[in-house]
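Since this is a predicted model, take the numbers as computed values, not measurements. As a basis for the values below, the full set of heavy atoms in this structure was taken, side chains included, without hydrogen atoms, waters or symmetry mates.
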Amino acid sequence: MRFDVLTLFPELIDAHMSFSIMKRAIDEGIIDVHTVDPRDYTLDKHRKVDDTPYGGGAGMVLAPQPYVDAYEGVKRAKNSITLMMTPQGEPFNDKISDELANYEQIVILCGHYEGFDERIREIIKPREISIGDFVLTGGELPALCLIDSVSRKIEGTLGKIESAHDDSFADGLLEYPQYTKPREYRGLKVPDVLLNGNHKLIEEFRLEQKIKRTQQKRPDLWEKWVNRH
């Protein structure tokens with residue numbers, strides 16, 4: 001899987017990819033993450049990529065020329081998709097993450113300031129994605145969330161792909177509680193069922209806990225899960 005991220009702040013993307021699971025996945029050739037700075041494509045001698053909005057208003061708007069040229073400069077694979085991170089996009093979820101993991105390449109546009117000149121949307125025609133009903137200072141954090149989530153779906157990133165199958169939302173329920181050593185800490189004990197080696201009972205216990213947690217913490221998810229079953 002290759003990710004090409006159009007961003008004014010490539011250092012933000014590079015920094016996240018230099019640690020932990022993402023770094024290991026890159027080192028092992030499982031994912032490949034590249035950044036493209038639209039400033040490198042601007043025709044302005046001061047490397048300016050934004051300007052004041054027509055019609056007035058606060059803030060600056062990202063100009064079409066640097067972003068469109070930067071996008072067209074990205075070599076795209078046959079099985080690729082282009083995304084724009086924006087609060088106006090469809091809500092990102094685990095189902096979309098599964099879908100995106102089937103692509104060979106994902107190109108991501110990250111905005112800043114008051115957002116994109118509308119002609120960027122009209123020319124590039126990206127699929128617009130939002131990570132929630134709130135506004136951030138830029139699209140880099142949402143892009144990193146998406147890259148991290150999708151990468152977990154790719155064989156080899158987590159060592160065992162089964163780790164992703166047990167995550168919250170993978171089957172519509174929240175994840176069951178996890179425990180490790182010691183068996184007792186400050187009077188709190190690991191449930192006995194996890195210590196007896198009976199895998200059938202452990203699976204039943206974990207399913208019960210997933211159902212209980214989802215009912216308590218996310219009744220909206222619980223209702224959807226019940227309707228599907």
Side-chain angles (χ1 to χ4, degrees), residues 1-19 22-23 25-26 31-92 96-97 99-151:
M1 166 72 75
R2 177 185 171 104
F3 297 92
D4 288 276
V5 186
L6 274 67
T7 170
L8 298 177
F9 303 97
E11 300 87 355
L12 292 176
I13 305 298
D14 296 337
H16 181 76
M17 297 302 153
S18 300
F19 297 94
M22 293 295 100
K23 182 180 187 303
I26 291 173
I31 64 172
D32 198 7
V33 181
H34 295 261
T35 55
V36 180
D37 189 342
R39 289 191 185 93
D40 294 336
Y41 289 83
T42 181
L43 302 180
D44 182 86
K45 64 180 181 180
H46 301 296
R47 290 168 54 85
K48 188 177 180 182
V49 296
D50 59 353
D51 213 324
T52 54
Y54 279 118
M60 304 291 279
V61 177
L62 296 171
Q65 179 272 316
Y67 275 83
V68 172
D69 284 4
Y71 174 74
E72 292 179 345
V74 175
K75 184 177 181 180
R76 291 187 292 282
K78 184 176 181 180
N79 182 27
S80 69
I81 186 171
T82 299
L83 309 177
M84 175 184 283
M85 309 308 298
T86 167
Q88 302 177 27
E90 60 184 299
F92 184 64
I96 294 176
S97 183
E99 177 189 346
L100 294 177
N102 293 313
Y103 285 92
E104 180 182 347
Q105 178 192 33
I106 298 177
V107 183
I108 305 175
L109 281 69
C110 299
H112 260 274
Y113 315 124
E114 287 301 306
F116 296 97
D117 183 297
E118 189 64 21
R119 290 165 292 186
I120 297 174
R121 286 185 171 89
E122 294 173 355
I123 294 170
I124 297 178
K125 296 180 173 57
R127 179 175 178 179
E128 299 186 34
I129 299 289
S130 168
I131 64 166
D133 293 339
F134 52 89
V135 179
L136 298 171
T137 55
E140 285 76 19
L141 286 177
L144 287 171
C145 289
L146 186 143
I147 292 171
D148 199 298
S149 176
V150 173
S151 296

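Between Pro142 and Phe92 the shortest side-chain heavy-atom distance does not fall below 4.5 Å. Side-chain contact between Leu8 and Tyr113 is present, with at least one heavy-atom pair separated by less than 4.5 Å. Under the 4.5 Å side-chain criterion, counting only non-hydrogen atoms from C-beta, Met85 is not in contact with Leu141. Proximity of Ile120 to Pro64: side-chain heavy atoms (C-beta onward) are separated by under 4.5 Å at one or more points. When side chains are defined from C-beta on, Arg2 does not count as touching Ile31, because their heavy atoms never get closer than 4.5 Å. Contact check for Glu90 versus Arg127: side-chain heavy atoms found under the 4.5 Å cut-off. Using a 4.5 Å cut-off on side-chain heavy atoms (C-beta onward), Ser151 and Met22 make contact.
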Practice task
Check the pair Phe3 / Val150 against side chain to side chain contact (heavy atoms under 4.5 Å, CB included), numbers first and verdict last.
Solution key: CA-CA 10 Å; Phe3 297 92; Val150 173; 4.1 Å; yes
Item to complete: Output, in order, the C-alpha distance, side-chain angles, deciding distance and verdict of side chain to side chain contact (heavy atoms under 4.5 Å, CB included) for Met17 and Val5.
Response: CA-CA 12 Å; Met17 297 302 153; Val5 186; over 6 Å; no
Legend entry - Candidate pair Leu146 and Leu100, rule side chain to side chain contact (heavy atoms under 4.5 Å, CB included), full reasoning: CA-CA 9 Å; Leu146 186 143; Leu100 294 177; 4.0 Å; yes
Item to complete: Evaluate the criterion side chain to side chain contact (heavy atoms under 4.5 Å, CB included) for residue pair Asp40 and Val36; output intermediate values, then yes/no.
Response: CA-CA 8 Å; Asp40 294 336; Val36 180; over 6 Å; no
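Expressed to the nearest 0.5 Å, how far CZ of Arg121 lies from CD of Glu128 amounts to 4.0 Å. The structure places CG of Leu6 at 10.5 Å from CD of Glu140, a figure rounded to the nearest 0.5 Å.
In this structure, the side-chain contact (heavy atoms from CB on, under 4.5 Å) partners of Asn79, at least two apart in sequence or on a different chain, are Tyr103, Glu104.
Closest of all the heavy-atom pairs between Ile108 and Ala143 is CG2-CB, 3.9 Å. Taking each heavy atom of Val135 and Pro87 in turn, the nearest pair found is CG2-CG, 4.2 Å. The minimum heavy-atom distance between Gly139 and Cys110, with the atom names listed, is O-SG, 3.5 Å. Nearest heavy atoms, Phe116 versus Val61: C-CG1, 3.9 Å. Contact between Phe9 and Thr7 at its shortest, heavy atoms only, is N-OG1, 2.9 Å.
Put simply, the side chain of His112 gets close to the backbone of Thr137: a donor and an acceptor are under 3.5 Å apart.
Within a 6.0 Å radius of OH in Tyr54, other residues, nucleotides and ligands contribute 12 heavy atoms or fewer.
Residues Asp44 and Arg39 are not paired through a salt bridge, judged by the lack of any N-O separation under 4.0 Å between the basic side chain and the carboxylate. A salt bridge is defined here as a Lys NZ or Arg NE, NH1 or NH2 lying under 4.0 Å from an Asp or Glu carboxylate O, and Arg119 with Glu122 fails to meet this definition.
Considering Ile106, Asn102, Asp32 in turn, Ile106 is the only one that fulfils the side chain to side chain contact (heavy atoms under 4.5 Å, CB included) rule with Met1.
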Run the side-chain donor-acceptor check on residues 66-75: report pairs under 3.5 Å with partners two or more places apart or on a different chain.
| from | atom 1 | to | atom 2 | distance (Å) |
| --- | --- | --- | --- | --- |
| Asp69 | OD2 | Gln65 | NE2 | 2.8 |
| Tyr71 | OH | Thr82 | OG1 | 2.7 |

